[in-house]
Protein chains: 2
Amino acid sequence: MTAEIIAVGTELLLGDILNTNAQFLARELAALGISVYYQSVVGDNAGRLEALVRQARERSDLLVFTGGLGPTDDDLTKQTVAKAYGDTLRFDPEELEKIRAFFERWGRTMPPSNEKQAYVPVNGRKIENHNGTAPGMIFEDTKCKGKYAVLLPGPPKEMQPMFCDTVRPWLAKMSDGVLFSRTLRVTGVGESHLEPKISDLLEAANPTSALYAKMGEVVIRVTAKAATLEKAQEMCAQRAQELKERLGDVVYTDVFDSLEETVVGTLKRTKKTVATAESCTGGLLSQRLTAVAGASEVFSFGTCTYSNEMKQKILGVPAQMLADVGAVSPQVAAAMARGVRACSGAEIGVGITGIAGPGGGTPEKPVGLVYVSVCDARATYVQKLLMTNRTRDSVRTWASQHALEMVRRLALGLEQPGCDCFENGQAVEMSDHEGLRNV
Amino acid sequence: MTAEIIAVGTELLLGDILNTNAQFLARELAALGISVYYQSVVGDNAGRLEALVRQARERSDLLVFTGGLGPTDDDLTKQTVAKAYGDTLRFDPEELEKIRAFFERWGRTMPPSNEKQAYVPVNGRKIENHNGTAPGMIFEDTKCKGKYAVLLPGPPKEMQPMFCDTVRPWLAKMSDGVLFSRTLRVTGVGESHLEPKISDLLEAANPTSALYAKMGEVVIRVTAKAATLEKAQEMCAQRAQELKERLGDVVYTDVFDSLEETVVGTLKRTKKTVATAESCTGGLLSQRLTAVAGASEVFSFGTCTYSNEMKQKILGVPAQMLADVGAVSPQVAAAMARGVRACSGAEIGVGITGIAGPGGGTPEKPVGLVYVSVCDARATYVQKLLMTNRTRDSVRTWASQHALEMVRRLALGLEQPGCDCFENGQAVEMSDHEGLRNV
């Protein structure tokens with residue numbers, strides 16, 4: 001089966017928004033074994049939309065549309081696609097009631113313009129939308145077997161659940177078999193480090209393993225196809241196990257959706273708490289931890305001590321240390337970690353200090369230099385990062401990612417690659433190495 | 001002039017990467033007054049690429065390609081486009097030397113496969129690439145006047161400078177007239193509140209004003225076209241002024257790119273400093289402030305006091321107050337703001353306390369209830385927010401947005417709509433109103 005992804009909306013043509021829907025759908029369709037040969041964006045223009053729909057219908061078995069279903073959109077997409085697929089639309093009073101109820105949940109009355117969203121296919125089917133007012137729809141070509149068109153709303157928080165809950169199972173059933181996916185997440189090493197260890201598995205057909213690089217991590221999505229869900233799950237579990245054995249503990253989870261969720265889960269499981277002291281990351285680390293529901297079980301205190309004065313006052317970093325080695329130093333990172341741990345009573349303390357840029361760098365301490373420290377009752381670890389040619393945002397994000405990974409490893413008693421280790425009370429002197437460069 | 005954006009690359013079709021180039025080019029072309037009616041993605045397949053090039057050349061005056069110029073790409077794009085535009089490629093020894101030198105700068109030898117990148121148009125022109133090995137190119141259709149194709153590399157850090165330095169000036173010269181845009185940003189009210197006040201301006205042809213809703217704010221982009229840049233800038237300034245007069249101080253900037261940049265800029269200008277005390281937002285507010293380069297001039301301290309104990313210890317929130325009214329209360333929000341101001345010596349203190357969800361709510365204090373407080377030497381303001389049916393992330397983002405806006409208004413001595421005001425030292429008792437619902 002071949003597919004084509006079409007985004008409808010002038011705001012995309014004008015560059016007002018980024019087309020994240022295309023990437024989401026492309027990955028989902030690839031995991032389903034459906035080849036995508038074209039992606040297009042077209043505006044709210046009847047002539048151009050119709051021309052594209054007709055051409056796409058000719059060349060692809062499945063068209064997936066996002067956008068063009070809003071109350072101000074004049075339901076151009078619905079009408080055009082219905083016509084091209086030999087179907088018509090009917091008014092659905094049940095759908096109208098749902099839309100009305102959606103507005104009432106927000107304490108508002110439904111504007112009349114939303115009524116046009118209550119039209120659904122006569123031959124095809126509608127797709128429930130629990131996060132917005134526009135239902136989606138699936139058209140099956142009445143004149144040509146095996147041709148389909150799926151219409152979904154533009155906003156990702158509406159489109160994604162609708163795809164996952166309705167479209168994906170429907171497509172999986174059509175390709176006789178059930179699909180199941182499991183996602184492994186890796187941090188601390190790059191794609192080029194992983195590929196050689198698993199190249200045969202990346203070539204394998206079922207389960208497939210697809211590698212995606214993201215900011216701060218690499219994601220491996222394992223997808224298995226089988227006659228039953230249980231069988232597909234079992235195949236995924238086996239392949240995931242093999243990947244974990246080959247790659248080791250750089251795989252930080254195959255259950256959670258992010259490093260911070262994994263860290264909060266790990267701290268809960270090991271009954272440990274953490275407190276954070278940040279400077280250049282400005283609150284990003286505590287923000288990431290607290291983004292996870294239930295973080296209050298393991299986190300009670302974070303601080304952003306942006307000035308030397310506040311580092312002394314709140315964390316007890318000695319004035320003499322700041323004068324001798326400066327705020328951006330392994331000593332101060334360790335003192336911040338130890339200080340926030342003492343101040344909060346948490347088991348694990350984290351300290352981050354560095355130069356995020358674009359200003360503030362010197363030849364000795366350039367932009368992108370960051371020291372990250374974690375400590376517990378037994379020991380203090382310090383890692384030197386040198387992240388040159390990065391944006392301010394990128395330096396901060398990477399620093400918080402390294403900090404999270406060091407907390408995870410500390411809680412589990414794993415090795416701390418690239419870190420210097422000191423006993424508590426011991427003065428911090430880094431061994432003479434480069435530190436991690438541009439990971 | 002009409003244009004079409006075409007991204008070449010199978011990694012886009014597979015969803016491995018996000019098509020940020022399309023958004024960048026769409027915005028640039030729109031600003032140049034060039035209408036983009038189509039955007040497409042096509043893979044590394046000769047047949048499909050050629051079919052798309054021919055179709056696109058028919059329907060659009062200008063084609064802008066990204067990708068397909070790498071050493072492993074078999075120069076498919078270059079050959080196909082050259083042929084369609086009646087041009088050929090020639091080997092450029094000077095370009096080969098540049099590529100060789102590029103590798104040597106990195107201490108490496110040029111692999112033979114990079115030689116194919118040294119081919120440039122015979123009739124057209126090449127575009128210098130200072131950040132990579134592949135030159136770009138501009139083809140001018142030899143058979144049909146007024147048709148052009150621009151080829152640029154895929155990596156944004158190569159493509160963007162090449163577009164800005166070479167392509168944009170070339171295009172600006174070609175179109176009769178110059179465009180200029182200015183963006184106004186609004187927070188605290190929604191689109192439906194703004195539209196009636198400016199509906200005639202939203203309909204106007206030159207300058208145009210386009211309204212876009214984003215998380216926590218509304219953006220109005222004013223674009224003017226005139227014979228000279230000065231004239232276009234003047235038209236924009238006049239329209240922006242008119243919009244600001246009609247909408248009032250909900251327009252927080254027409255210069256900066258975000259509320260946090262605006263707040264940091266405002267604090268610098270008014271020579272004021274701020275310190276933040278957060279609970280449910282977990283560090284998001286301090287993270288937003290410190291994301292702005294130069295924030296250290298106006299920000300020295302932020303804290304996330306996630307537990308009652310730390311609210312007492314660090315901010316001096318009285319234990320009796322916490323026992324009487326609970327952490328999520330206007331009294332505690334005010335005490336946090338006053339406490340962090342006293343602790344840090346900043347002019348302005350901010351306190352945020354609430355229930356981000358999904359858990360933690362009760363009938364009296366439901367998920368989405370957040371109190372935001374700001375204070376200075378003169379007064380303390382408290383705002384009650386009730387953001388039901390929101391995700392955890394959305395509650396936190398909106399709360400930080402309201403806090404930033406309250407800081408901005410306090411620094412400028414503006415009104416604080418929806419807030420109760422107390423003199424410092426005065427006990428906080430909110431008047432009996434709903435608070436801001438679901439903004």
Side-chain angles (χ1 to χ4, degrees), chain A residues 11-20 22-28 30 36-43 45 48 105-107 210 212 278 280-287 289-291 293-296 299-307 309-310 313-314 343-344 357-359 392-393 396, chain B residues 12-20 22-28 30 36-43 45 48 210 212 276 278 280-287 289-291 293-296 299-307 309-310 313-314 343-344 357-359 389 392-393 396 437-438:
Chain A
E11 67 276 14
L12 280 162
L13 290 180
L14 291 176
D16 294 336
I17 58 176
L18 202 49
N19 193 359
T20 60
Q23 186 188 34
F24 173 84
L25 290 168
R27 288 181 171 183
E28 290 293 329
V36 175
Y37 290 138
Y38 302 92
Q39 293 174 11
S40 307
V41 177
V42 67
N45 173 280
R48 286 191 280 275
R105 267 206 330 264
W106 288 67
Y212 303 119
E278 310 180 53
C280 64
T281 43
L284 176 56
L285 178 60
S286 64
Q287 186 254 106
L289 282 165
T290 57
S296 56
F299 175 85
S300 67
F301 183 62
T303 184
C304 173
T305 45
Y306 222 52
S307 67
E309 190 197 329
M310 295 312 286
K313 181 171 180 177
I314 302 294
C343 164
S344 64
R392 181 182 180 82
D393 187 60
R396 282 155 49 104
Chain B
L12 279 162
L13 289 180
L14 292 176
D16 292 340
I17 58 175
L18 202 49
N19 193 358
T20 60
Q23 187 189 33
F24 173 84
L25 290 168
R27 288 182 171 180
E28 290 292 329
V36 174
Y37 291 137
Y38 302 92
Q39 293 174 11
S40 307
V41 177
V42 68
N45 173 281
R48 286 191 281 276
Y212 305 120
T276 59
E278 309 179 53
C280 64
T281 42
L284 176 55
L285 177 60
S286 64
Q287 186 254 106
L289 283 165
T290 56
S296 55
F299 176 84
S300 67
F301 183 62
T303 184
C304 173
T305 45
Y306 222 52
S307 67
E309 189 197 330
M310 295 311 286
K313 181 171 180 177
I314 302 293
C343 164
S344 64
N389 289 320
R392 183 182 179 83
D393 187 61
R396 283 154 49 104
R437 287 187 73 89
N438 280 332

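Letters A, B, ... mirror the listed sequences (proteins, then strands); counts begin at 1. Quick note: numbers below take in every heavy atom, side chains included, and nothing from hydrogens, waters or symmetry partners.
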Out of [options], return the one with the most heavy atom pairs under 4.5 angstrom to chain A.
options                : result
B:A30, B:A210, B:C343  : B:C343
B:L14, B:L18, B:D16    : B:L18
B:G43, B:S296, B:G294  : B:S296
B:P358, B:A295, B:G283 : B:G283

Does any heavy atom of chain B fall under 4.5 Å from the side chain of [X], the backbone, both, or neither of them?
X      : result
A:F299 : both
A:N19  : backbone
A:I314 : side chain

Best-contacting candidate, [options], against chain B by heavy atom pairs under 4.5 angstrom:
options                      : result
A:L289, A:L284, A:V42        : A:L284
A:F24, A:Y37, A:Y38          : A:Y37
A:C280, A:A22, A:S40, A:G282 : A:G282

ask   = Taking A:T303 for the side chain and B:G302 for the main chain, is one N or O donor matched with an acceptor at less than 3.5 Å?
value = yes
query = Which bit of B:T276 comes within less than 4.5 Å of chain A, counting heavy atoms only: side chain, backbone, both or neither?
reply = neither
ask   = What distance do A:L25 atom CG and A:Q39 atom CD have between them, rounded to the nearest 0.5 Å?
value = 8.5 Å
query = Hey, what do you get for CZ (A:R27) to OH (A:Y212), rounding to the nearest 0.5 Å?
reply = 5.5 Å
query = Between B:Y306 and A:F301, what is the shortest heavy-atom contact and its length?
reply = CB-N, 4.5 Å
query = Picking from A:R396, A:R392, A:E278, what satisfies side-chain hydrogen bond (donor to acceptor under 3.5 Å, both in side chains) with B:T290?
reply = A:R396
task = Would you please name every residue forming a salt bridge (charged side-chain N to carboxylate O under 4.0 Å, His left out) with B:E28, sequence neighbours left out?
result = B:R168
Set of side-chain contact (heavy atoms from CB on, under 4.5 Å) partners for A:S307, sequence neighbours left out = A:E309, A:M310, B:S300
